[in-house]
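Throughout, numbering of the chain's residues begins at 1 and tracks the sequence.
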Amino acid sequence: MLKTIGKQLTGFRKDSLLTPAYMILEVAMEMIIPLLMASIIDNGVNAGDMGHIYKFGALMVLCAAIGLFAGIMGGKYGARASAGLARNLRKSMYEKIQTFSFANIDKFQTAGLVTRMTTDVTNLQNAYQMILRMAVRAAISLVVAIIMAFYVCAPIAKYFMIAVVFLGGFLSIIIAKATKYFTEVFPKYDKLNESVQENVSAIRVVKAFVREDYEIERFTKASKNIYTMFVRAENLVVSNMPVMMATIYACILMISWVGAKMIVVGDLETGDLMSLFTYCLNILINLMMVSVVFVMISMSTASMKRIAEVLDEESTIKNPENPDKNVTDGSITFSHVNFGYHKEAEEWVLKDIDLSIRSGETIGIIGATGSAKTSFANLISRIYDVSEGSVSVGGKDVRSYDMEALRNQVAVVLQQNVLFSGTILDNLRWGDVNASRQECINACKLACADEFISSFPDGYDTRIEQGGTNVSGGQKQRICIARALLKKPKILILDDSTSAVDTATDARIRKAFRDELPDTTKLIIAQRISSVQDADRIIVLEHGEVNGFGTHDELLKNNEIYRDIYESQTGGSGDFDEVG
């Protein structure tokens, strides 16, 4: 874990070394000042030597100035090192997440990944800055103050050690118990973020069903869980302060009592007693600082583990050692494929799929809800890997291809597509960043999107709001189809992506594909028979198995499920899940 996090200091190791160096210099100056002050009192004030007072007073000012400079520089480099660590962590985590397969993302959950990149990284950033500055400063200052106290008067300094041992033991007990609570609290942050994320993204549904009170109650519950855990941890932590203060006052009283007696009998000078008071306060205050650092470290340890989990996670889908980057054509072969989303799954999602699709064919895929139509399509672009068997594109196993090369040749248009903030042209060029304006227009004409885009006042420069909220569902789908066409793929998968357009527009889109994309293999997953009946062949899926594979006429004659769907939609309720 420490090794994983340590790699993220690249570019800021110098700052990480300079910070403690300046802190040590600052501590050295602070430790010298009490000795100079003692000398001024004993050899200057008591002896009436003004020259000595001026000389050592000037040295005190110089030490204070050096200490101030060291403190400022330590703060500067400490801020750079901690902020740099946070920057590198977020960058590395974000880049790592981009390599994740859907299985990896399912493991961490979206809300959990957001929490790790925000709250957890911030905790680690604060802890690292405290370690570089406060921890180094306090630890060095503590050790040096104890040494100087023994140098000035060992009989009194031993009382400091008793206090240090007592407070150190008390602190270790607190930290051990508080760490347990901090470890448990961060997964609850995930639940809180999940609540917020779902509420904001589905705010229209929440309002449509008047579920605001339910969502508020859900958020309040998640927030209360975090509050409860933090209160328990803080109750432990704050108990440290009164114990510390009581110990400090006890030490001051003890030093006063013992020191006064030693001054009376001549075993201690007044200036030395004053310096001992300074060292006493220094020791105990720095011990308090160490306790604060340890509390922060205990909190950040939980965050560090969660960040390291993401950075150490390996994608379940990887490129082979010598990947093939040339997809020759759009032919597809499923060879006795079994697939499950989890290794421990008791039943396959797809079962013994064995079929071949010729390049350039138009294939319809139909079946009841939950028949694994989308899972079937996901294996072609290798969003998931098969559990058993193989899927081939262009005559080669998809696992032999470079993933970027494969996915550039397999365009997928989902039912719930996402548009990003920016203009319509910006969104279209996700398919091809170098596409000209005319190429974008041609793609939109094929997708039947040009007509409504041209009606906008700004045309193709119309700005799309976040999530595409300022266009309708059908308009969004057609823009996404055009975006996929700009990739000029060898395989085009439409996953129920015309569900929000009318049947006439749907027919126009399919005709355009048939006429303009003859060499592209087209897989059309649909709920409507009308969307697939003109396909070269149609796959009928039922419970993850191929129940039928043939033309529209063949399936009407030989496949009961397809016939039921057809009859229910042409003469029944229109719901193909209902038996005709």
Tell me the closest heavy-atom pair linking [X] and [Y], and the distance in Å.
X	Y	answer
A86	Q125	CB-OE1, 3.3 Å
I464	I424	CD1-CG1, 3.8 Å
A411	K487	CB-CD, 4.1 Å
S421	R463	CB-NH2, 4.1 Å
F420	V418	CE1-O, 4.1 Å
G330	T521	O-OG1, 2.7 Å

Output the distance between atom [atom1] ([X]) and atom [atom2] ([Y]), rounded to the nearest 0.5 Å.
X	Y	atom1	atom2	answer
I509	I481	CD1	CD1	4.5 Å
D324	K396	CG	NZ	3.5 Å
D458	Y460	CG	OH	13.5 Å
C448	Q475	SG	CD	13.0 Å
S375	F339	OG	CZ	5.5 Å

Distance alone, cut at 3.5 Å: any donor-acceptor contact between the side chains of [X] and [Y]?
X	Y	result
S101	N104	yes
D329	S331	yes
D506	S531	yes
S16	Y128	yes
T423	R429	no

Check the orientation of F100 and F108. Use parallel for under 30°, tilted for 30 to 60°, and perpendicular for over 60°. parallel
Is there a side-chain contact between [X] and [Y], using heavy atoms and a 4.5 Å cut-off?
X	Y	result
R358	R537	yes
E388	H336	no
R478	T505	yes
L192	F219	yes
Y341	V349	yes
K14	R80	no
L494	K522	no
E215	R218	yes

Residue pair L523, I380: steps toward the side chain to side chain contact (heavy atoms under 4.5 Å, CB included) verdict: CA-CA 11 Å; L523 275 64; I380 298 171; 3.4 Å; yes
List the steps, then state whether side-chain hydrogen bond (donor to acceptor under 3.5 Å, both in side chains) holds for S315 with T99. CA-CA 6 Å; S315 175; T99 69; 5.4 Å; no
Residues two or more places apart in sequence or in another chain: which of them pass side-chain hydrogen bond (donor to acceptor under 3.5 Å, both in side chains) with T374? D495
Could you tell me which residues satisfy salt bridge (Lys or Arg N to Asp or Glu O under 4.0 Å) with R407, sequence neighbours excluded, listed by chain and number? none
Salt bridge (Lys or Arg N to Asp or Glu O under 4.0 Å) filter on K7, not counting sequence neighbours, yields none
Show, in sequence, the C-alpha distance, side-chain angles and deciding distance for D385 and T316, and conclude whether the side chain to side chain contact (heavy atoms under 4.5 Å, CB included) test is met. CA-CA 8 Å; D385 269 339; T316 57; over 6 Å; no
Salt bridge check, [Y] against [X]: does any charged N sit closer than 4.0 Å to a carboxylate O?
X	Y	result
K96	E314	yes
R437	D461	yes
E309	R306	no

Result of checking V546, I525, N547, I366 against L541 for side chain to side chain contact (heavy atoms under 4.5 Å, CB included): V546
Would you please test L485 and L492 for side chain to side chain contact (heavy atoms under 4.5 Å, CB included) and show each step? CA-CA 8 Å; L485 293 176; L492 175 64; 3.7 Å; yes
Worked verdict on R483 versus L419 for side chain to side chain contact (heavy atoms under 4.5 Å, CB included): CA-CA 10 Å; R483 181 173 66 187; L419 293 179; 4.0 Å; yes
Would you confirm whether [X], through its side chain, and [Y], through its main-chain N or O, come within 3.5 Å as a donor-acceptor pair?
X	Y	value
S381	V410	no
D402	P323	no
T462	I453	no
S223	T220	no
N123	S300	no
Q527	T369	no
R90	M117	yes
R563	L556	yes

Would you kindly check if the NZ (Lys) or CZ (Arg) of R211 is within the cone defined by 45 degrees around the ring axis of F209 and under 6.0 Å from the six-membered ring centre? no
Applying side chain to side chain contact (heavy atoms under 4.5 Å, CB included), name anything that partners R87, two or more places apart in sequence or on another chain. F12
Under the rule for side chain to side chain contact (heavy atoms under 4.5 Å, CB included), what residues qualify as partners of Q98, not counting sequence neighbours? Y94
Once ring-ring contact (aromatic ring centres under 6.0 Å, His included) is applied, do any residues pair with Y562, and if so which ones, sequence neighbours excluded? H552
